[in-house]
Structures are given as C-alpha cells and as structure tokens.
Amino acid sequence: MTHMTRTQRVHPAAEMYAREFKQGLLDRREFLVRTTALGVSASAAYALGGLTQPAQAAGHANMGGTARMQMEVRAFKHPRTYDWTQIAFLTAGTLEYFVEYNNDGSFKGMLIESWDVNDDATEYTLNVRKGVKWNNGDDFTAEDVARVITEWCDKTAEGNSMAGRMASLIDGDGAAEGAITVVDSHTVLLKTNTPDITIIAGMADYPAAVYHSSLDPAAPLQDLVGTGPMVVTEHEVGVKAVIEKGDHPWWGNVDGAYEGGGFFLDRIEYIDYGTDPSAWVAAAEADEVDLFYETVGDFIDIMDGLGWEKSEVASGASIVIRPNQLATDADGNLLYGDKRARQAISMAVDNAICLELGIGDRGITAENCHSGPMHPEHDPSVTRLPYDPAKAAELWQAAGKSMDDEIEIHSIDDDWRKNTTDAVAAQLRDAGFNVKRTILPGSTFWNDWTKYAFSSTNWNHRPLATQIWGLAYRSGEAWNEFGWANEEFDALLAEANSIADADKRREVAGKMQAIIIDEGVTIQPYFRSLYRHTNGTVKGADMHIAYLPQIYKWSKA
C-alpha cells in the first residue's frame with residue numbers, strides 16, 4: 001500500500017489527471033474532484049494543475065450576529081435516511097461531516113483531516129482529526145468513525161441511502177469482514193471489495209452527517225449530541241427552527257485548527273413560508289428574512305429588481321419525471337412494465353420546452369440519462385431517443401395500451417417542479433395521451449415521493465454521474481424511485497467505479513447512459529443553474545452547487 005502524506009509522492013492517478021487537465025481532457029472542476037478525492041490537498045491540487053487558488057475570505061469574517069433564512073422546516077430523522085437537504089441545514093451546526101465538497105470541485109477534510117489512497121483505490125487510510133470532542137465531553141476518535149461507516153453499510157435499515165454510497169464496503173446486508181479496521185485511536189483503514197473512486201465523494205453528501213452512538217431520532221433535538229458548537233433550540237415543522245451557539249467550543253477555532261476559522265454566527269433562524277415563492281418575496285420586502293434557501297424561476301428577476309445580492313452556480317441539479325416500473329393498476333397489472341410504453345412517454349416530450357417553461361431556460365437540456373457535461377465520465381455522443389410524438393403514440397399502443405388509458409402524474413405544488421411537470425403533461429396531451437395532473441402540498445408529497453406511479457422529483461448535483469446512478473438507478477437502492485432493476489447496468493456501474501482513467505471510464509459510462517435511455521427509465525429534461533439571494537447582510541452564504549449546508553462559513557457583514 002502507498003501511504004501518501006503531504007510530503008511524500010503524489011498519487012500516480014493524480015499525476016495522470018494533471019496531465020489530462022493540461023491537455024484539455026478534464027475541466028477545472030473535474031480535475032479538482034478527482035485529485036482531492038485521492039487525498040491530495042486542495043492547495044496541492046491547485047499547484048499540480050498550475051492553477052491559482054482562490055483567496056480565503058473567511059479570515060476577515062465578523063463573529064456574532066443572527067441570520068434569518070427562508071427555508072422549508074422539515075421533520076428530523078436518522079441522518080443516514082436524510083432525503084432532503086433542508087434537514088441537513090437544521091442539524092449542520094451540531095452534526096458535522098467527515099469531508100466537505102466545495103463549489104470549485106475540491107474535497108476538504110473536516111472531522112477526517114486527511115486521507116491516503118493506494119494506487120488502485122481499494123484501500124483508504126482515514127486520518128481522524130485530533131482534539132475534537134463531542135458536545136457531551138466524549139473524545140471523538142477512530143472508533144466513532146468506524147462505527148458510523150459500519151452503520152452506513154447496514155442495508156437492512158429502512159431508507160438508508162448511505163448504503164448505496166458505501167456499496168464497495170458491503171457484503172450481503174452489511175459491512176464486509178475486514179472492510180473497516182480501527183488501526184489506532186485516530187486512524188481507520190477501509191478495504192473495498194472492488195476499486196472504488198467514489199468513497200470520499202459519498203462521505204461529503206448531505207446524509208453523511210456524523211452522529212454520536214447515543215443518537216435517538218425520537219429524542220428532543222436540543223439533546224442532539226454532535227461535534228459542532230450549535231444547539232437546535234426551536235423546531236416546529238412547517239413553521240420555524242432556530243439553532244444557537246451553545247457552550248461547546250468549535251474545534252476549528254482552537255489554536256487555528258481550521259484555516260479561516262468558522263461558525264461565526266451566534267444564531268440562525270430557518271423560517272418556513274411554504275412552497276409559493278411569492279410568499280418569500282413578501283417576507284423579503286417586509287424585512288423578515290436575510291436570505292433565501294434558493295431563488296427559483298421568475299422570482300430570480302424579481303429579487304434582482306428588489307436590489308438583493310445574487311449568487312449563481314451552474315450545476316448537475318435536475319428533475320426527473322418518471323414512471324415507476326413496479327406500479328400496478330387495480331387489477332395488479334404493471335402500468336409501465338413494458339419498455340415500449342416508457343419509451344413512448346420519453347419520445348412525446350421535448351426537453352427544451354421543459355427547460356423553457358420549467359425554469360425559464362436557466363440551465364441546459366439533458367439526454368434523459370442523468371449524466372451531463374459537468375460529470376467527468378459523461379459521453380456526449382450518447383443522446384436521447386428522438387422527440388417524435390407520432391412514434392410515441394405508436395409505441396404506446398404497441399405496448400398494449402389505449403390512448404384513452406389515463407396517466408396520472410403527481411408533483412409538489414411549488415414553482416419550478418410544478419411548472420416542469422405541467423410542461424410534460426401538456427406535451428403528452430398534445431401527443432394524444434389522456435393525462436390527469438395531481439398537485440400535492442409538500443407535507444403530503446414528501447411522505448411518499450418514491451412510491452407514486454408517475455411523478456416528478458428534484459435531484460441534487462453530485463460530482464460524479466456514477467454517484468447518482470448508484471443512489472437512484474442501481475437495483476434495490478433506497479432512493480431508486482424508478483422501480484428499475486438491470487443486472488447489466490449494475491455490473492457496468494461497478495466496473496466504471498473501478499476505472500481511474502477518464503477516457504476508459506467514459507467508454508463504460510456511455511454504455512450505461514445508453515441503457516437508461518433505451519429502457520425509457522425517466523424523462524430527465526435539463527440541468528439547472530442554482531441561485532440564492534441575500535439582502536447583503538450575510539457573507540459567505542453563496543449558493544452551493546449541491547445545496548450542502550456549510551453554515552460554519554456564514555457571517556454578518
């Protein structure tokens with residue numbers, strides 16, 4: 001095994017990525033994602049690529065103050081089952097992360113200070129940050145790291161999407177024997193059953209919040225034990241939540257342990273104004289909030305007109321409008337079990353119209369395979385089934401369907417998701433399909449988002465397409481809302497995650513894109529640019545490419 005440290009040789013794959021970057025084969029973000037995931041520090045990665053590292057502004061941040069954020073306030077659940085980023089924002093002041101993912105594509109150590117990866121990405125040595133304590137006084141050690149990762153690997157835990165991120169550590173329903181080893185008090189060794197370049201990226205996703213062994217999801221949130229300095233002091237679902245500084249110091253501010261420091265604010269209020277953005281605008285005009293969780297649709301221009309400051313980032317965030325292949329009618333017959341029926345639905349919809357009517361052209365069209373140019377393994381030569389409404393009607397009827405058969409499509413009652421789903425429904429009607437639209441309030445829709453026969457769901461950006469495919473498209477995963485299972489696809493996914501070389505990996509990924517498209521798994525019409533507005537009083541709160549709750553960076557002007 002190659003035990004790379006900051007003073008030893010650079011991982012050979014990182015050197016390969018640097019060459020590919022300089023040859024124009026990888027863009028800046030792809031290069032930083034790949035190299036820092038291998039344990040190369042962000043500063044070293046920038047140097048390796050001949051790049052200038054952005055200046056750190058946090059060192060000039062003010063301590064203290066309150067920020068008021070418009071955000072849906074949702075119920076707490078076990079972190080490994082988080083399925084909405086808003087829950088992570090609620091607990092981010094208390095439950096921290098092993099690793100963070102940043103807008104430039106870099107991964108940075110948090111509770112895991114650094115990591116070393118062997119040449120074929122089958123062994124990860126995790127170097128646990130020293131001097132960290134839980135807010136109940138317990139030391140944070142390698143035992144905690146091993147415990148959390150082991151529990152992430154538990155496939156029997158309902159709703160545990162982290163098992164999909166840790167798939168290469170799992171044998172059967174749990175962690176494989178010898179996969180997770182405590183080497184000493186601050187070192188953990190992971191041994192994957194196949195080469196896997198996604199481990200670190202998976203640890204940076206929002207359901208990877210690190211919790212104490214005493215966690216009881218049903219206990220009062222103010223008793224939550226974590227390593228962060230804040231406490232949830234108020235939590236009313238659908239109304240408001242408040243987090244405030246407690247008496248537990250943050251490890252990052254002790255002896256300059258974290259560059260730039262952090263957790264500058266004393267208090268953050270999350271205020272729920274529902275899913276109608278017009279209510280958010282009214283709150284802004286009444287000076288009831290300082291920033292939005294996200295600004296969407298036509299309201300981006302409205303907030304610009306009010307003089308609020310805007311941050312913007314292009315991303316892999318998206319929406320899927322999909323049939324569930326396991327859904328049945330009243331007689332138990334599969335509604336969308338025939339591939340031709342699913343292909344028909346896809347071919348009846350022009351994705352450019354969804355982009356225009358759904359989000360006002362603030363993004364780029366996609367190819368119905370949940371992979372795009374922001375993903376290093378994406379093969380641009382693989383494109384969607386053609387938009388052809390007449391052919392769609394033929395395929396629908398060839399699948400034994402009647403054009404009179406009712407198709408019910410569910411969506412949430414918000415702005416862009418509702419509008420995009422409306423655009424799909426309208427185009428299906430134009431192609432001769434009989435469509436019923438059902439629009440549900442968030443409090444109802446969220447409960448069963450994976451179970452509807454045909455519905456729309458938003459998906460966050462992930463650094464790698466294979467991450468998304470592993471979470472949502474691999475057979476049997478907790479977030480597989482498509483009801484789809486394909487052994488060939490699963491095998492290709494495992495192969496793709498074992499390949500470091502960008503071009504070779506793209507060959508495999510292209511095959512996976514083609515399978516998703518040909519199987520008519522989903523309409524995935526576009527990738528979004530993301531926006532957030534603030535009134536100028538909160539600094540460091542720019543929109544994150546993956547909605548990650550990096551609230552420790554926020555400060556008052």
* **Worked verdict on Thr198 versus Asn497 for side-chain hydrogen bond (donor to acceptor under 3.5 Å, both in side chains)** => CA-CA 7 Å; Thr198 71; Asn497 282 336; 4.6 Å; no
* **Counterpart residues, side-chain hydrogen bond (donor to acceptor under 3.5 Å, both in side chains), relative to Ser161 (two or more places apart)** => Arg165
* Asked: Does the side chain of Trp449 come within less than 4.5 Å of Ile412's, by heavy atoms?
  -> no
* Structure fact -> Across all chains, not counting sequence neighbours, the side-chain hydrogen bond (donor to acceptor under 3.5 Å, both in side chains) partners of His461 are Tyr101
* If you measure from the Lys or Arg side-chain nitrogens to the Asp or Glu carboxylate oxygens, is any gap between Arg340 and Asp338 under 4.0 Å? -> yes
* Asked: Could you walk me through whether Trp115 and Ile199 pass the side-chain contact (heavy atoms from CB on, under 4.5 Å) check?
  -> CA-CA 11 Å; Trp115 53 95; Ile199 287 286; over 6 Å; no
* Can you list every pair that meets side-chain hydrogen bond (donor to acceptor under 3.5 Å, both in side chains) and has a residue in residues 419-431, with sequence neighbours left out? -> Lys418-Asp422, Thr420-Tyr526, Thr421-Ser456, Asp422-Arg437
* Asked: Is there a donor-acceptor contact under 3.5 Å linking the side chains of Asp154 and Asn160?
  -> no
* Evaluate the side-chain proximity of Tyr336 to Asn324: yes if any heavy-atom separation is below 4.5 Å, no if none is. => no
* To do: Report the C-alpha distance between Leu548 and Tyr97 in whole Å, list the side-chain angles of each, state the deciding distance to 0.1 Å, and finish with yes or no for side-chain contact (heavy atoms from CB on, under 4.5 Å).
  => CA-CA 11 Å; Leu548 298 184; Tyr97 291 80; over 6 Å; no
* Asked: If we only count heavy atoms from C-beta on, is the Val210 to Met110 side-chain gap below 4.5 Å?
  -> no
* Indicate yes or no: at least one non-hydrogen side-chain atom of Trp416 is less than 4.5 angstrom from one of Ile319. => yes
Report, one line per pair, each donor and acceptor closer than 3.5 Å where one atom sits in a side chain of residues 327-334; sequence neighbours left out.
{"from": "Asp329", "atom 1": "OD1", "to": "Asp331", "atom 2": "N", "distance (Å)": "2.9"}
{"from": "Asp329", "atom 1": "OD1", "to": "Gly332", "atom 2": "N", "distance (Å)": "3.0"}
{"from": "Asp329", "atom 1": "OD1", "to": "Asn333", "atom 2": "N", "distance (Å)": "2.8"}
{"from": "Asp329", "atom 1": "OD2", "to": "Asn333", "atom 2": "ND2", "distance (Å)": "3.3"}

* Taking Trp469 for the side chain and Cys369 for the main chain, is one N or O donor matched with an acceptor at less than 3.5 Å? -> yes
* Asked: So, Arg29 side chain and Asp104 main chain: donor-acceptor pair closer than 3.5 Å or not?
  -> no
* Counting only heavy atoms not in Glu158, do more than 12 fall under 6.0 Å of its CD? -> no
* Would you please indicate if the ring centroids of Trp459 and Phe482 are separated by under 6.0 Å? => no
* Flag side-chain contact, heavy atom, 4.5 Å: Leu493 against Tyr473 -> no
* Starting at CD of Glu488, measure out to CD of Glu519 and round the result to the nearest 0.5 Å. => 9.0 Å
* **ring pair (Phe, Tyr, Trp, His ring centres under 6.0 Å) against Phe76, all qualifying residues, sequence neighbours excluded** => none
* Are the charged groups of Asp518 and Lys339 less than 4.0 angstrom apart, N to O? -> yes
* Structure fact -> When Val382, Val508, Thr383 are each screened for side-chain contact (heavy atoms from CB on, under 4.5 Å) with Gln513, the one that passes is Val382
* Asked: Could you go step by step and tell me if Ser318 and Gln524 meet the side-chain hydrogen bond (donor to acceptor under 3.5 Å, both in side chains) rule?
  -> CA-CA 7 Å; Ser318 187; Gln524 187 259 316; 2.8 Å; yes
* To do: Take Asn460 and Thr85, measure what side-chain hydrogen bond (donor to acceptor under 3.5 Å, both in side chains) needs, and give me the verdict at the end.
  => CA-CA 9 Å; Asn460 290 358; Thr85 327; 2.9 Å; yes
* Asked: For Phe98, which of Phe107, Tyr124, Trp152 qualifies under ring-ring contact (aromatic ring centres under 6.0 Å, His included)?
  -> Trp152
* Asked: Residues two or more places apart in sequence or in another chain: which of them pass side-chain hydrogen bond (donor to acceptor under 3.5 Å, both in side chains) with Ser315?
  -> none
* **Of all pairs that satisfy side-chain hydrogen bond (donor to acceptor under 3.5 Å, both in side chains), the ones with a partner from residues 172-181, not counting sequence neighbours** => none
* **Check against side-chain contact (heavy atoms from CB on, under 4.5 Å), Leu189 and Glu123** => CA-CA 7 Å; Leu189 176 63; Glu123 295 187 6; 4.3 Å; yes
* Asked: Would the Trp484 and Phe489 ring centres measure less than 6.0 Å apart?
  -> yes
* Would you call Leu215 and Pro79 a side-chain contact if the rule is heavy atoms closer than 4.5 Å? -> yes
* **Basic-acidic side-chain contact under 4.0 Å: Arg528, Glu294** => yes
* Any side-chain heavy-atom pair from Leu385 and Ile517 closer than 4.5 angstrom? -> yes
* Structure fact -> Residue pairs passing the side-chain hydrogen bond (donor to acceptor under 3.5 Å, both in side chains) test with at least one member in residues 389-403, sequence neighbours excluded, are none
* Asked: Above 12 or not: heavy atoms from other molecules or residues under 6.0 Å from NZ of Lys77?
  -> yes
* Tell me, do Phe21 and Arg28 make a side-chain contact under 4.5 Å, heavy atoms counted? -> yes
* Can you name the side-chain contact (heavy atoms from CB on, under 4.5 Å) partners of Glu72, sequence neighbours left out? -> Arg74, Gln86, Asp272, Thr275, Arg417, Trp446
* Which residue pairs pass the salt bridge (charged side-chain N to carboxylate O under 4.0 Å, His left out) test with at least one member in residues 32-41, sequence neighbours excluded? -> none
* Measuring from His410:NE2 to Ile439:CD1, what's the distance to the nearest 0.5 Å? -> 10.5 Å
* Mind running side-chain contact (heavy atoms from CB on, under 4.5 Å) on Ile468 and Trp479 for me, showing each step along the way? => CA-CA 10 Å; Ile468 299 167; Trp479 285 1; over 6 Å; no
* Could you tell me which residues satisfy ring pair (Phe, Tyr, Trp, His ring centres under 6.0 Å) with Tyr82, sequence neighbours excluded, listed by chain and number? => none
* Asp490 side, atom CG; Glu495 side, atom CD - distance, nearest 0.5 Å -> 13.0 Å
* Structure fact -> Hits for side-chain hydrogen bond (donor to acceptor under 3.5 Å, both in side chains) against Asp144, two or more places apart or cross-chain, chain-then-number order -> Trp134, Arg147
* Asked: Is the Phe445 ring parallel, tilted or perpendicular to the Tyr452 ring (thresholds 30°, 60°)?
  -> parallel
* Asked: For Val424 and Cys354, which heavy atoms make the closest approach, and how far apart are they?
  -> CG2-SG, 3.8 Å
* Can we call the ring centroids of Tyr547 and Phe89 under 6.0 Å apart? -> no
* To do: Supply the atom-to-atom distance Thr466 OG1 to Leu492 CG, rounded to the nearest 0.5 angstrom.
  => 12.0 Å
* **Sole candidate of Thr192, Val117, Leu190 that passes side-chain contact (heavy atoms from CB on, under 4.5 Å) when paired with Thr122** => Thr192
